[in-house]
Amino acid sequence: WWFYLGWTPGFLKAKFGVDLTEVAAPLITIYLLADVGSIAGGWLSGRLMRKGFSVNAARKLAMLACALCVTPVFLAAVVDNKWVAVVLIGVAASAHQGFSANLYTLVSDMAPKRAISSIVGLGGMTAGFAAMGFQMFTGRLLDAYPGAYLVIFIVASGAYLVNLSLIHL
């Protein structure tokens, strides 16, 4: 998520020559798609529960759908059309939001009420530190290899499937 937010303008400049005066429309597109995912992720798990799936299965299936929607984001680094790259990043950002909506709710499904805020807080802090480390890694990688966005997008492509696997275990 923080990679998409923080590095998309630099990526668009490096790959497509988009400068700061031209980045508004791509970023608005990405944020609007993220808004859709935030709502759709919660809707999907709710719909699955109404169809008879257990809470556990509904949340994990919704998270799997979101994780699978992120996987094509690596193509953003290799396509030749700026808007195709923007849509790929936007869909990944949308899927992130849907994944997150279910992840936060998963805690309230599993933990006692008195522990929910502590678990979410610790999880958020851990995610913040992990994001900070990934941002530093991204900066160092791009300083050394300015065209290395593909590596970072590949990591982003698989991160949600890895996370869901860990959650499932």
Let me confirm one number: the [atom1]-[atom2] distance from [X] to [Y], rounded to the nearest 0.5 Å.
{"X": "L61", "Y": "S54", "atom1": "CG", "atom2": "OG", "result": "8.5 Å"}
{"X": "I154", "Y": "L150", "atom1": "CD1", "atom2": "CG", "result": "4.0 Å"}
{"X": "L141", "Y": "M136", "atom1": "CG", "atom2": "CE", "result": "13.5 Å"}

Looking at [X] and [Y], what are the two nearest heavy atoms and their distance?
{"X": "G98", "Y": "C66", "answer": "C-SG, 3.6 Å"}
{"X": "K15", "Y": "A77", "answer": "NZ-O, 3.3 Å"}
{"X": "V70", "Y": "A156", "answer": "CG1-O, 3.4 Å"}
{"X": "L44", "Y": "A62", "answer": "CD2-CA, 3.8 Å"}
{"X": "N102", "Y": "G41", "answer": "ND2-O, 2.9 Å"}
{"X": "F74", "Y": "F153", "answer": "CA-CB, 3.6 Å"}

For [X], what residues pass the side-chain hydrogen bond (donor to acceptor under 3.5 Å, both in side chains) criterion, not counting sequence neighbours?
{"X": "Y160", "answer": "H96"}
{"X": "T21", "answer": "D19"}
{"X": "S38", "answer": "none"}

Distance-only polar pair, side chains of Q97 and W1, donor-acceptor under 3.5 Å:
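Absent: no donor and acceptor within the cut-off.
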Tell me whether [X] shares a hydrophobic cluster with [Y], the cluster being built from Ile, Leu, Val, Met, Phe, Trp, Tyr side chains joined at under 4.5 Å.
{"X": "M132", "Y": "F134", "value": "no"}
{"X": "L33", "Y": "I30", "value": "no"}
{"X": "W83", "Y": "Y149", "value": "yes"}
{"X": "I39", "Y": "Y31", "value": "no"}
{"X": "L122", "Y": "I116", "value": "no"}

Does Y104 OH have over 12 foreign heavy atoms under 6.0 Å away?
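Result for OH/Y104: open.
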Applying side-chain contact (heavy atoms from CB on, under 4.5 Å), run through L88 and V79 and close with a yes or a no.
CA-CA 10 Å; L88 287 165; V79 298; 4.2 Å; yes
Which residue pairs satisfy the salt bridge (Lys or Arg N to Asp or Glu O under 4.0 Å) criterion with at least one member in residues 31-58, sequence neighbours excluded?
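Output for this query is empty, none listed.
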When the side chains of residues 162-169 are checked against the rest of the protein, which donor-acceptor pairs come out under 3.5 Å, sequence neighbours left out?
unit_1 : atom_1 : unit_2 : atom_2 : d
N163   : ND2    : A159   : O      : 3.2
S165   : OG     : L161   : O      : 2.9
H168   : ND1    : K60    : NZ     : 3.1

Trace of the side-chain contact (heavy atoms from CB on, under 4.5 Å) decision for W2 with L5
CA-CA 5 Å; W2 294 109; L5 300 185; 3.8 Å; yes
List for me each residue that meets salt bridge (charged side-chain N to carboxylate O under 4.0 Å, His left out) alongside D109, sequence neighbours excluded, and say none if there are none.
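For D109, the residues satisfying salt bridge (charged side-chain N to carboxylate O under 4.0 Å, His left out) (neighbours in sequence not counted) are R59.
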